[in-house]
Amino acid sequence: MKASDLFVKALEQEGVEYIFGIPGEENLDVLESLRTSSIKLILTRHEQGAGFMAATYGRLTGKVGVCLSTLGPGATNLVTAAAYTQLGGMPMLMITGQKPIKASKQGRFQVLDVVDMMRPITKYTAQIVSGERIASQVREAFRVASAERPGAVHLELPEDIADEEVSPNLIPESNVRRPVAEAKSIKHAVDMIELAKAPLLLIGAAANRKMSSKMLTRLVEELKIPFVTTQMGKGVVDETKDLFLGNTTLSDGDFVHRAIAHADLIINVGHDVVEKPPFFMRDDDKKVIHINYMAAEVDPVYFPQVEVIGDIANSIWSILEKLQIQKHWDFSYFDKVKAAEEKELPHGCNDDRFPIYPQRLVSDVRKAMPAEGIICLDNGVYKIWFARNYKAQKPNTVLLDNALATMGAGLPSAMAAKLVHPDRPVIAICGDGGFMMNSQELETAVRLKQHIIVLILRDDAYGMIKWKQANMNFDPFGLDYGNPDFVKYVEAYGGKGHRVESAKQLLPLIEKCMQEHDVHLIDIPIDYSENDEILNNQLRKLSAKV
Ligand SMILES: Cc1ncc(C[n+]2csc(CCOP(=O)(O)OP(=O)(O)O)c2C)c(N)n1
Ligand SMILES: [Mg+2]
C-alpha cells in the first residue's frame, strides 16, 4: 500500500471528518489519497485560518481537529494557531509536508526545522522517517492531543516517505477511561465545603471541555451554592440562574470580586493558570479546593490547599453523593452582591446613542440569540463587554480566547462552529482590527455556502490598546487607521453587506440576517468613549458600596 494512503486511512480510523488547510507540492501524495477518502478537505486562504478552524473543531467536539500545510512558510503560518490551541487546551493535529529526507537535490530551499520550531508550542512533534512508523505515530499523536490537558500536536510527513510502499497495518484506539479521583480526596473536599461558612463555586475552562455541565448544574441546584465563571467557563451552568454572581472578566473592582473576597472557600472547578487569574490568593484565611483533570500549577497567586484530581464530572458526582446542605452556610452577602449587580447590568441596554453603545450591542445580540446560539469573539475591547454582560446559557456557546488572546480567530472559529453545528445560529463578533487579520476567509465561508453573521465593531482603531494608552496617560499615538468599505468588501466576496445607521436598526437587522441563509457582514460603528469611566471607575464605586 502507498504510505500516503495508509496515512489517510489512519486519519479515517481516528474519526477525522475534516482537514482544514492549504497543500503545497510536498503534500500532493496526501492530497491524492484524500481525494478518494471520506474526509472532507476544507481549503482555506491562509494556514492560520485553517489552524483556528481545526482548533475550534477540537474545542467543540472533544475530537482532534486536523489542519494541513506545506513545509517552511506554510508551517510558520500555523504557529499562532498552534499556540492558541496549546494554551486554550484544544485537541488539534497539524500535518506539514517536507522535502524528501532520503535524497534531495534542492539544497535548503524552503527547508526549516519545523519539528523543532513546533516543540515549545505542542505536546508532541515528530517527523515520520519511515512509512512503517505511520500507524503508531498517528495513533500516538491523536492520543496525546486529546488526553487531558488537550493541546496541539504536529506530524511532519516528508514527500519521499509519503510515496513509499508500506504494509497496510493500523493501530486502533485503546479502550481507555479517564482516571477518577481517589475517595480520600473527595472526603477532604466534602469536609472542607461543609465546614465553610460561605463557599463559592468557580467554573473555568476545563469544565467546558467535557460534559461536566449536568453534574455542576446539580451541585448548584441541589445544594444552592452560588457560582461565578471565568471567561472560558461561561455557559457550563446557565448564567441566567439567580445563583450566578458574575464573570471574572475584570481583574478587580467589579461586583463579582466582592463575592470572591467574601467567600471563605472557593471550589475551583476547571480553572487553570493560562486564563487571566479570576482571583488572587494571598496569605489570608481563604481556602481553595482545586477540582480538575490535572494537578494545580502552583503560582504566587494560586496555591490551593486541597486538590481533587480526576475526571471532573465524576468528582462532582462523588461530592454530591456525600455533601449535605449545612445550616451554618450563610449566603446572605452573596444575595446582596447579586441584587446590586442585577441593578447595574441593564445600564445602557436601551441606550439609543449612535455610534452604538457596547452595552446596547451585547443586549441586542443576547435578545436575538436562542440559548444554543454560538457567539465567537475575536480580541478587542468588546470581548470584555460580552464576557461580563452576555449571560451564556449552554456550554461552549461563548467561544472566546482568554488564553493566548490572539486577534484573528473570530471569523475562522465561527466558520468551524457552523460546520460542527449547522442547525444553530452562529455569530462572529470582531473588531475592525482583528477581523482584517483573517478576513480573506470570507471567500471560504461563501464557497462553503455557510449561513453565518459577522459583526464588525468599527472604531477605526486598535481600540483596546488605545484605551490602555489613555489609561497610562500617554498621548494618543500610533493606533488609528482607515478601513475598507466593509459592505462593499463582503459583497466583493459574494456575501451580503449591511450597515447600521441607528441603534434601533441593529436588533431587527441581526434577526433578519438570522432568517436569510448567507454570509452576512454588519458594519457597526461603536462608541468606546465611556469604557474607561464605566469599567475602571463607576463599577469600582458601585461595587465598593455592597
Ligand atoms: C495577533 C495579535 N496582535 C496584537 C494583539 C494586541 N492587541 C490586543 S487587542 C488589540 C486591538 C484590537 O483592535 P480591534 O480588533 O479593532 O478591536 P477593538 O479593541 O478596537 O474593538 C491589539 C492590537 C493581539 N492580542 N493579538
Ligand atoms: Mg477597532
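The basis for the numbers below is simple: all heavy atoms, side chains too, and nothing from hydrogens, waters or symmetry mates. Just so you know, ligand 1 is whichever comes first in the structure, and atom 1 is the first atom listed for that ligand.
Atom OD1 is the N/O/S atom of Asp432 found closest to the Mg ion (ligand 2).
Between Gly433 and ligand 1, an N or O atom pair is found at a separation short of 3.5 Å.
One finds no salt bridge joining Arg360 and Asp351 here, because no Lys/Arg side-chain nitrogen approaches an Asp/Glu carboxylate oxygen to under 4.0 Å. Contact check on Lys383 versus Asp401 returns no salt bridge, with no Lys/Arg side-chain nitrogen under 4.0 Å from an Asp/Glu carboxylate oxygen. One finds a salt bridge joining Glu344 and Arg388 here, because a Lys/Arg side-chain nitrogen approaches an Asp/Glu carboxylate oxygen to under 4.0 Å. Asp432 has no carboxylate O lying under 4.0 Å from a charged side-chain N of Arg458, or vice versa, which leaves the two without a salt bridge.
Among the backbone and side-chain atoms of Gly463, none of the N, O or S atoms lies under 2.8 Å from the Mg ion (ligand 2). At least one N, O or S atom of Asp459 sits under 2.8 Å from the Mg ion (ligand 2).
Residue Trp467 places every heavy atom at 4.0 Å or more from ligand 1. Assignment of Tyr481 to the shell around ligand 1 is supported, since a heavy atom sits closer than 4.0 Å. Taking 4.0 Å as the cut-off, Asp432 counts as a neighbour of ligand 1 on heavy-atom distance. By the 4.0 Å heavy-atom criterion, Asn379 is counted among the residues contacting ligand 1.
The distance from ligand 1 to the heavy atoms of Ala461 drops below 4.0 Å at these ligand atoms: 16 (O), 20 (O). Within ligand 1, the atoms closer than 4.0 Å to a non-hydrogen atom of Asp459 are 20 (O), numbered from 1 in the order shown. If you number the atoms of ligand 1 from 1 as listed, the ones under 4.0 Å from a heavy atom of Tyr382 come out as 17 (O), 21 (O). Listed by atom number, the atoms of ligand 1 under 4.0 Å from Thr406 heavy atoms are 1 (C), 26 (N).
Ranking protein heavy atoms by distance to atom 3 (N) of ligand 1, first place goes to Met407 SD, 3.6 Å. Among all non-hydrogen protein atoms, the one lying nearest atom 15 (O) of ligand 1 is Gly434 N, 2.7 Å. Of the protein's heavy atoms, Ala405 O, 2.9 Å lies nearest to atom 25 (N) of ligand 1. Remark: minimum distance from atom 8 (C) of ligand 1 to any protein heavy atom is reached at Ile465 CD1, 3.8 Å. Residue, atom and distance of the protein heavy atom nearest to atom 20 (O) of ligand 1 are Gly463 N, 2.7 Å. The nearest protein atom to atom 21 (O) of ligand 1, hydrogens excluded, is given as Tyr528 OH, 2.6 Å; this is a heavy-atom distance.
Looking only at atom types and distance, the side chain of Asn389 has no donor-acceptor partner in the side chain of Gln359 under 3.5 Å away.
Between Met94 and Cys67, some side-chain heavy-atom pair lies under the 4.5 Å cut-off.
When atom types are taken as modelled, the side chain of Gln505 and the backbone of Val500 share no donor-acceptor pair closer than 3.5 angstrom.
The 12-atom threshold is exceeded at CD of Glu516, counting heavy atoms of other residues, nucleotides or ligands nearer than 6.0 Å.
A ring-centre distance under 6.0 Å is found for Tyr462 and Tyr481.
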Test side-chain contact (heavy atoms from CB on, under 4.5 Å) on Val269 and Phe227 and set out the steps.
CA-CA 10 Å; Val269 182; Phe227 71 103; over 6 Å; no
As a quick check of understanding, evaluate side-chain contact (heavy atoms from CB on, under 4.5 Å) for Leu202 and Thr230, giving each step before the final call.
CA-CA 7 Å; Leu202 168 79; Thr230 72; 4.0 Å; yes
